[in-house]
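Working notes for the structure below.
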Amino acid sequence: MRSVSRCFLAILVCGVSFLSLEAQCPKRPAPGNVVDDALSLSSANGVLKKELTMKHSVDEFGYAHYCYIYQTGTGEVEAPTLRLNQGDQLLLDVKDRIDLDDSAGMMEMPASPKVCGDGGMMMLSSTNVHFHGLNVPPICHQDDVLTTLLQPGKPAFQFNIQIPKNEPPGLYWYHPHVHGFTEFQVNGGAAGALIVEGMEKFHPEVAGLTERVFVIRQQYLVPWVPGPYQLTINYQVAASPSFPSPIIKMKPNEKQFWRVANATIQDFMPLQVWFNGVPQKLQLIALDGYPLPKSRMVDTILVPPAGRAEFIVQAPPRDNEAIFIAQGYSTGPTGNPDLEQQLAKIQVSGDENEAPAIKAEPAPRASMNTIKFANLEKQKPTAQRKLYFSEEFGGTNGPIQFYITVDGQKQKVFEPNEKPVITTHVGAVEDWTVENHALETHAFHMHQIHFTVMEVDGKPVATKDLRDTIEIPFWEGPGHPYHSVKVRMDFRDPTIAGTFVFHCHILLHEDLGMMHKILVLPK
Ligand SMILES: [Cu+2]
């Protein structure tokens, strides 16, 4: 479907949704309150078996909510954190109960010819689940977003995922991924954290610390129309000074382990913690659910949309106030402004946190060599590829088309029934150089595997971080070089054989086709 008609339809659908006011989603916390973590659901005896129901409603301010509801003995909670160990099995029953009049038909797109789940047409009321960052098979009932489609009113669909024994411990997340409609549902808050336990085995410095899981989301009244938005932290609106700031409580000098997911639809967030206006050092432990071989002290952690950062924060002494803040970030002439926003006030009170006795840091109990992608940077690549992001106006006053293109191929937007633009095979290790030819920053995301960031703008990077999402800054225009990253892709693990996607994680761009398929053939 042409994007021009879909932009109009977006407005139409939002107009429609204002009319269905019966609240299906639980009430979200009011701003100015203490930020609570989501309910944690932990595996037992190697299994986590739970049910989530996706619903929809519109709040009193007109924001659409899409909610993953978990039923507890005392009521409904939204978007619980799923906690599993390496090797555990996740059995997640998901029911689509989105009550939305999108029978206009015009919103429908033909689904992929293959069917997993209920099949039918892809609509705003259809859903599925992507387990972002998990290195698991791209097949039906696991992490397959191309053919999995759940429809309202149908029986629950079961996701059945074995967390690999060598899965990197860290913060992952789950969210819907129906092409064309992902942005609406994630904008509505449909996103939750998934944690693979065991970080302390690799980073003993986090052992015993109070752990916080913060999911930052972003809500637009009409997500397809650029303009004002609100960030939220664990569903509490963070829009200070318009609203009172959310509150994070810490004890004086206390160290906490913060696990932060950027579940916004398009916000690049340079995260900082300030004491009296001064950015403080944060001890960075992991990025995108992958533990760093060695933690590092930084004052800013840039987290692109869909990225995660895990770090240790130390509170100031008693009666000091500190803030958790996302700095402003320029996404270029055709990008949306990502404005500075205080995410929370850190309120320091209570008993002094006992100063930790000075002792040698215990050695890690597990070697980095036991997790996936270890030493990937030392592997010899078997292929080199070049891809680029670009944008194009579709006509005199037409909308922008968003492309990601393999160099040498024709620019085209993603179609569900397209053929893969890249075919490789199990065993390959490839270096991909991804350039940005657009006047807007994009966020490159690869499904199914993490990649090593080898070079930025043609220069080797020392840290060689493992990521699943990486920002590529905008082109400054004629006379300037394109920004680029070179990433090392690891297709050696046979369990990820199959067809999956890579795309921009600005979700509007993905929905409009800045995405393509890759086929990894079994050996
Ligand atoms: Cu993009």
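Note: hydrogens, waters and symmetry copies are ignored here, and every other heavy atom, side chains too, is used. Each ligand, and each atom within it, is numbered from 1 in the order the structure gives. From a predicted model like this one, the values you see are computed outputs, not experimental measurements.
Look at Arg467 and Asp465 and you find no salt bridge, because none of the NZ, NE, NH1 or NH2 atoms lies under 4.0 Å from a carboxylate O.
The minimum distance between the Cu ion (ligand 1) and any N, O or S atom of His509 involves atom ND1.
Distances from the Cu ion (ligand 1) show that His505 has no N/O/S atom below 2.8 Å.
Paired with His132 under the rule ring-ring contact (aromatic ring centres under 6.0 Å, His included), one option of His177, His505, His503 passes, and it is His505.
For His447 and Phe500, the gap between ring centers reaches or exceeds 6.0 Å. Ring centroid separation for the pair Trp432 and Phe451 does not come in under the 6.0 Å cut-off.
With the Cu ion (ligand 1) as the vertex, atom ND1 of His442 and atom SG of Cys504 span an angle of 130° (nearest 10 degrees).
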